[in-house]
There are 2 protein chains.
Amino acid sequence: MYSDSIIKNFRSYVDFQQKELDAFFDLAHYQKFKKNEMLFESGPGSCPFILIKSGCLMTYFTGEKDFIHVIQFGIENWWTGDLNSFMQEEASIYSIKAMANTEVYILGKKEFESLCAKFPNFEKYFRILFQNSLVSHQKRIIRNISFTAEEKYLTFTQNFGKLELILPQKYIASYLGITPEFLSMIRRKLAGR
Amino acid sequence: MYSDSIIKNFRSYVDFQQKELDAFFDLAHYQKFKKNEMLFESGPGSCPFILIKSGCLMTYFTGEKDFIHVIQFGIENWWTGDLNSFMQEEASIYSIKAMANTEVYILGKKEFESLCAKFPNFEKYFRILFQNSLVSHQKRIIRNISFTAEEKYLTFTQNFGKLELILPQKYIASYLGITPEFLSMIRRKLAGR
DNA sequence: GCATATCGTTAAAGTAGTTTAATAAAATGG
DNA sequence: CCATTTTATTAAACTACTTTAACGATATGC
């Protein structure tokens, strides 16, 4: 259940002591999900904060005509969830689904706050985590406002690599903000057909 | 030079002691900019981290054919800058311009780290700041992938209110990821003409 | 306060991306 | 392993948005 990869990742941000990491594994709830299982469904309950040990999670919301808008794909060592719902303990419109067999550590709000309050290193860790996440969100916004659909897709393949192979194309299209039909055309064109 | 509004804002996130706030005002560099003055120009130097006391700053980068892509409009109590450039002390492609007479507090990397290291409250403050910023960036991404141009514009007017009146429309259009010509048509349609 | 550049508006033509619909391919479940 | 559902492909018609260009309105500097 303990994970070298997760620990290594923690320590790449902050110089954690063993007892601090122990506290995390103590407070976090380890859980496995099979491919296509739901980890969280939108609704009145607040969304947990999730660290992915292995596998892949998709965070999305459902819009008009049951259309699924994909907000994020999360992979190994990524945190995911609805931060707003988590922090404010409000209802969430997001849902989270396992796109592959997935292992996670789930944090509740109390546990999160307890970690931050007890260990300045965790406060620092999350500060840096959010800071880095902010940078990548900003980059995604830049792509959204200045890239063509083809450029967005090419960036996706660069950023997510092999993940593309296991994800249904309609969700990739949704993540990019284009239709699956158009993504299909882009891929055909890029394949030189 | 000290600002009640800024202090009030600091304290809305974290219960700061006076000496902590004093340390901030001590380390930060207060500066005034006239409308249309450049606060930072893209290039090899790393971008500072800026807290706006009053006025309005526009963060943007220049793309092909000198086209300006607006990343953010910042107003009173907002932080702005190129977080990536700031944290990694790398060159920035961003530039920052005053869209109105503007007062700011500018933080350097060393000063930022010194605040975080000395005062856990500042570490916490920035953690919450980045956390909230992340939530609004995520919302903006959702708008980008799921809203029409008209819906994006309406959200902008709701979010920024009076600011719209002082900003050249071509920059609003750029921020929304549409052409100024199309924004002009949207506004005419909304005005019922 | 005039000259000049910049910005905003309008309209026509063009295009990137959507919609619809029909068919093919692949995944899922009993 | 077959039946059913879901997903991907393709193509034609469509539309939201862009491009270009010309003109009018505003701002800016000398």
Side-chain angles (χ1 to χ4, degrees), chain A residues 33-38 56 58 60 62-70 73 97-101 143-157 163-193, chain B residues 33-38 56 58 60 62-70 73 97-101 143-157 163-193:
Chain A
F33 291 89
K34 287 215 179 295
K35 183 173 177 173
N36 291 327
E37 259 189 286
M38 293 301 293
C56 176
M58 176 174 85
Y60 65 93
T62 306
E64 288 188 22
K65 291 198 223 161
D66 290 332
F67 186 85
I68 282 179
H69 295 276
V70 176
F73 295 111
K97 186 177 174 180
M99 305 307 286
N101 292 339
R143 278 178 253 139
N144 280 336
I145 66 174
S146 68
F147 277 22
T148 64
E150 185 176 322
E151 290 167 332
K152 287 180 207 171
Y153 170 66
L154 287 171
T155 308
F156 178 87
T157 60
L163 191 65
E164 189 192 354
L165 302 171
I166 67 150
L167 294 174
Q169 277 183 42
K170 63 173 196 165
Y171 295 137
I172 298 177
S174 170
Y175 175 84
L176 298 175
I178 62 178
T179 57
E181 291 84 355
F182 194 56
L183 178 54
S184 188
M185 291 176 69
I186 290 171
R187 301 189 83 221
R188 178 167 45 139
K189 189 195 147 200
L190 289 173
R193 275 184 286 132
Chain B
F33 292 89
K34 287 214 180 294
K35 182 173 177 174
N36 291 327
E37 259 189 285
M38 294 300 295
C56 176
M58 175 174 86
Y60 64 94
T62 305
E64 289 188 21
K65 291 197 223 163
D66 291 332
F67 186 86
I68 283 178
H69 295 277
V70 175
F73 295 112
K97 186 177 174 179
M99 303 308 287
N101 292 340
R143 279 178 251 137
N144 279 336
I145 66 173
S146 67
F147 278 23
T148 64
E150 184 176 323
E151 289 167 332
K152 287 180 206 173
Y153 170 66
L154 287 171
T155 307
F156 178 86
T157 60
L163 190 65
E164 188 190 354
L165 302 171
I166 68 151
L167 294 173
Q169 277 183 41
K170 63 172 195 166
Y171 295 137
I172 298 177
S174 170
Y175 175 85
L176 298 174
I178 62 178
T179 59
E181 291 85 354
F182 195 56
L183 178 54
S184 189
M185 291 176 68
I186 290 171
R187 301 189 83 222
R188 177 167 45 137
K189 189 195 148 202
L190 290 173
R193 274 182 288 130

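Lettering follows sequence order; numbering is per chain, from 1.
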Expressed as a whole number of angstroms, how long is the span from [X]:[atom1] to [N]:[atom2]?
X: A/Ile172; N: D/dT7; atom1: CD1; atom2: P; value: 13 Å
X: A/Lys170; N: D/dT9; atom1: NZ; atom2: P; value: 14 Å
X: B/Arg187; N: C/dC7; atom1: CZ; atom2: P; value: 16 Å
X: A/His69; N: C/dT18; atom1: NE2; atom2: P; value: 12 Å
X: A/Lys189; N: D/dT9; atom1: NZ; atom2: C1'; value: 18 Å
X: B/Ile166; N: C/dC7; atom1: CD1; atom2: P; value: 15 Å
X: A/Met99; N: D/dT6; atom1: CE; atom2: P; value: 15 Å
X: A/Leu165; N: D/dT7; atom1: CG; atom2: C1'; value: 16 Å

* Heavy-atom side-chain contact between B/Ser184 and B/Thr179 under 4.5 Å ->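 No, too far: nothing below the 4.5 Å cut-off.
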* Looking at side-chain heavy atoms only, is the closest gap between B/Leu176 and B/Tyr153 below 4.5 Å? ->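 In short, these two side chains touch, coming nearer than 4.5 Å.
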* For the residue pair B/Tyr175 and B/Phe73, does the interplanar ring angle fall in the parallel (under 30°), tilted (30 to 60°) or perpendicular (over 60°) class? ->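 Taking B/Phe73 first and then B/Tyr175, their aromatic rings sit tilted (interplane angle of 30° to 60°).
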* Asked: Between A/Glu164 and A/Arg187, is the closest basic N to carboxylate O distance under 4.0 Å?
  ->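 Yes.
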* Asked: How long is the span from the NZ atom in B/Lys152 to the CZ atom in B/Phe147, to the nearest 0.5 Å?
  ->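 That separation rounds to 9.5 Å.
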* To do: Look up atom SG in A/Cys56 and atom CD1 in A/Ile166, then write down how far apart they are to the nearest 0.5 Å.
  =>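 A/Cys56 SG to A/Ile166 CD1: 5.0 Å, rounded to 0.5 Å.
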* Using a cut-off of less than 4.0 Å, is there contact between a side-chain N or O of A/Asn36 and OP1 or OP2 of C/dA27? ->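 Answer no for this pair, as no side-chain N or O of A/Asn36 is under 4.0 Å from OP1 or OP2.
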* Does D/dT9 have OP1 or OP2 sitting under 4.0 Å from an N or O in the side chain of A/Arg188? ->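 The answer is no; no side-chain N or O of A/Arg188 sits under 4.0 Å from OP1 or OP2.
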Could you write out each protein N or O paired with an N or O of nucleotides 13-21 of chain D at a distance under 3.5 Å?
from, atom 1, to, atom 2, distance (Å)
D/dC17, OP1, B/Ala149, N, 3.0
D/dT18, OP2, B/Thr179, N, 3.0
D/dT18, OP2, B/Thr179, OG1, 3.0

